Every structure is written in C-alpha cells, then in structure tokens.
Amino acid sequence: MWYYSRVRASFQWSEIPKAGFIPQIQANWGEADSMIQTDRRVRKTKKAIQEAYFKLLEKKKTEKITVAEITREADIDRKTFYLHYTSVQDLIREFTEAKTKDILKRLTLRSFFLLKFDRQIFTREAVSLVSENLDFLKMVTCSPDLDFFWNTAQDTAVDVLTEIYARHSSLPVSDLRIQVRFFVGGAGAAYRDWMQGKIPCSLEELSNSVSKIAFTGVQHILQNPQPDLPC
C-alpha cells in the first residue's frame, strides 16, 4: 500500500483552490487503486509461473523445460507467459535478481552498510536466507543436471551486485566486477560443497567462515603459517 499512501500524502488539502478539485483527487485515488490491483495480479501470475517451473524442475531435473510445459502446469496460455518473460532463462534471471536484491535489502534494514560492514550481521542474514530456501538450494546443487541453473544464478548475482556497487564505488567497473565475481564464486562454491556434504560443519559455522574470509581475505591464514608446510 506504499504507493497509495504516497498518492494521498502528495495532496495539500489546505491549498485546494475550489470544490471542483475534489473529484480530481478521488479520480487519482481510483487510479492508484487500479495500479495496485494490477501490480497484485502481475505478482500473482509471476508467482504461479515460477512455482510451475520449479515444480517441473524438481520433477524432471533437466534444463530442457519448455514454455509449453510451464504454461500447462501453471494453467495459463503462452501469451500470458510472454507478457511477463521473454524465455525460461529470463525467468531464472529474474528469480535470482530478486533473491540477490533481497539479501541486500535485509542487510540495509539491519544497518549493515552504516555500521562499517559488521560481518556478524552478514552472517545472520546469510544463515536466514539459506535456511529459508534450503530444500530448493540442495536440489539445484546436488544434481549435476541442474548446473545450468546454478551457473545462471551466479552470473546474474554478479551482474546485479556489480551494477549496484558501481554507483557507490570509485573503483573501475572492471576491477569491481573481478572482486564481485571472486566473492560470489568463492562463497557460492563453499555453500555448494556444504550442501553436498563435503564440508562437515553447521550452516552458522560455514557462514561465519565465509564472512570472515570475505572481510579479511586470506591474511589471517598467512599471518600464522605452519613451519612444516611444503614449499
């Protein structure tokens, strides 16, 4: 309802020049209500399309899922699908973009970017996000046939994060993209290994380690080298 509230707030009641202005205000409210209803329908339709796709993905575990299969599962026609997505890949990209922006929103609400990047905040939000989507993440990470989804998701996350941070960083975009790619690729690989049972620790321990490496690099490893390490 935020849009509706902003429409209401935009009118200065004390400055209404004449009574004839009231119907115009009411018309604007009606337009706002119409936009809200349309937005709800769009979200509902997209949710149905995404749920249909992921249901098919879980069942078939293959990249070869067609628009026709999705529309049958969602009980919509092809025209409706193409009103919202240009392709199945477009659906995957939008889903990943929404999840990437979700973690940024969570961090922002926890004042992460105002508290000198408190990594404990990052750890808690990472644990929360993974826990909420654990069954789905395990499905796409534990099946070799679904590597395409993981790769597309990582590429999309890199694109989104690079674009967002480029607005706030003085680094050249090429350097920024290298750093984002390094973090997303490394963190993604660590979580993927954990979900495949290759890293025997809790989700909290994993997220803490990932955040420590992300914020301090490998310096804490190199500061205390073992004397018997092979050269």
Side-chain angles (χ1 to χ4, degrees), residues 49-65 70 85 87-108 110 112 117-165 175-222:
I49 293 172
Q50 289 186 5
E51 288 179 346
Y53 171 72
F54 292 126
K55 186 175 181 180
L56 289 166
L57 193 67
E58 183 176 9
K59 186 187 303 183
K60 300 182 66 175
K61 291 184 172 57
T62 177
E63 182 176 2
K64 298 176 181 178
I65 295 175
I70 295 172
Y85 299 107
S87 63
V88 177
Q89 287 291 97
D90 186 34
L91 185 159
I92 298 172
R93 282 191 293 269
E94 182 180 283
F95 172 82
T96 306
E97 181 176 337
K99 290 298 181 182
T100 303
K101 289 182 176 178
D102 182 35
I103 186 66
L104 291 177
K105 180 180 178 181
R106 290 169 183 240
L107 292 173
T108 300
R110 300 294 184 273
F112 172 75
F117 306 101
D118 184 341
R119 69 181 184 87
Q120 294 303 321
I121 296 176
F122 178 89
T123 299
R124 286 195 298 271
E125 293 309 314
V127 169
S128 177
L129 188 66
V130 172
S131 297
E132 291 169 12
N133 299 276
L134 189 56
D135 290 341
F136 171 76
L137 289 171
K138 282 187 174 181
M139 179 185 76
V140 298
T141 57
C142 295
S143 175
D145 293 330
L146 299 183
D147 281 346
F148 77 94
F149 188 99
W150 187 260
N151 294 334
T152 301
Q154 286 201 127
D155 288 345
T156 303
V158 170
D159 290 342
V160 171
L161 291 173
T162 300
E163 179 183 352
I164 290 174
Y165 285 115
D175 288 352
L176 184 60
R177 187 175 181 85
I178 290 171
Q179 295 192 36
V180 172
R181 170 65 73 181
F182 187 84
F183 170 72
V184 171
Y191 279 101
R192 188 174 189 176
D193 279 355
W194 177 79
M195 283 180 273
Q196 292 176 346
K198 298 177 182 178
I199 300 179
C201 67
S202 68
L203 176 57
E204 290 75 11
E205 290 170 331
L206 172 69
S207 297
N208 186 58
S209 293
V210 168
S211 65
K212 181 185 293 185
I213 295 169
F215 289 95
T216 64
V218 296
Q219 291 181 355
H220 70 286
I221 299 175
L222 301 177

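Only a predicted model underlies this, so the values are computations on that prediction, with no experimental measurement involved.
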Compare every heavy atom of Gln154 with every heavy atom of Gly188, then report the nearest pair and how far apart it is. CA-OE1, 3.7 Å
Could you check whether atom CD of Gln196 has more than 12 heavy atoms from other residues, nucleotides or ligands sitting under 6.0 Å from it? yes
Side chains of Tyr191 and Ile199 in contact at under 4.5 Å (non-hydrogen atoms): no
Within the 4.5 Å heavy-atom criterion, are Val130 and Leu137 side-chain neighbours or not? yes
Distance check, rounded to the nearest 0.5 Å: Trp150 atom CH2 versus Asp155 atom CG? 12.0 Å
Considering all heavy atoms, the nearest Ala157-Thr96 contact: N-CG2, 4.2 Å
Is there a side-chain contact between Ser211 and Glu125 in this structure, where contact means two heavy atoms from C-beta onward sitting under 4.5 Å apart? no
Decide if atom NZ of Lys60 counts as having more than 12 heavy atoms of other residues, nucleotides or ligands within a radius under 6.0 Å. yes
Reported CG-to-CD distance for the pair Leu57 and Gln50, which is rounded to 0.5 angstrom: 12.0 Å
Keeping Trp194 on the side-chain end and Cys201 on the backbone end, is there a donor-acceptor pair under 3.5 Å? yes
Carefully, step by step, assess Lys101 and Glu97 under the rule salt bridge (charged side-chain N to carboxylate O under 4.0 Å, His left out). CA-CA 6 Å; Lys101 289 182 176 178; Glu97 181 176 337; 2.9 Å; yes
In sequence, state the C-alpha distance, the side-chain angles, and the governing distance for Gln120 and Arg124, and then conclude on side chain to side chain contact (heavy atoms under 4.5 Å, CB included). CA-CA 6 Å; Gln120 294 303 321; Arg124 286 195 298 271; 3.9 Å; yes
First locate atom CZ of Phe54, then atom CG of Leu91, and finally report the distance between them rounded to the nearest 0.5 Å. 6.0 Å
According to the interplanar angle, ranging from 0 to 90°, do the rings of Phe149 and Tyr53 count as parallel (below 30°), tilted (30 to 60°) or perpendicular (above 60°)? parallel
Rounded to the nearest 0.5 Å, what separation is found between the CZ atom of Arg181 and the CG atom of Leu161? 10.5 Å
Are Leu56 and Ile70 side-chain neighbours, meaning at least one heavy-atom pair lies under 4.5 Å? yes
Reported CD-to-CZ distance for the pair Gln89 and Phe148, which is rounded to 0.5 angstrom: 7.0 Å
Is the shortest heavy-atom distance from the side chain of Arg177 to the side chain of Asp159 under 4.5 Å? yes
Please report the shortest heavy-atom distance between Val127 and Ser207, naming the atom on each side. CG2-OG, 3.4 Å
Measuring from Asn208:CG to Thr123:OG1, what's the distance to the nearest 0.5 Å? 5.0 Å
Could you report the tightest heavy-atom contact between Ile121 and Arg110, atom names first, then the distance? CD1-O, 3.3 Å
Tell me the closest heavy-atom pair linking Lys99 and Asn133, and the distance in Å. NZ-OD1, 3.2 Å
Would the number of heavy atoms belonging to other residues, nucleotides or ligands and lying under 6.0 Å from CG of Asp135 be above 12? no
Over 12 foreign heavy atoms within 6.0 Å of CZ, Phe182: no
On a heavy-atom basis, the closest approach of Asp102 and Leu129 is OD2-CD1, 3.5 Å
Check: Ser209/Glu205 side-chain N/O donor and acceptor closer than 3.5 Å: no
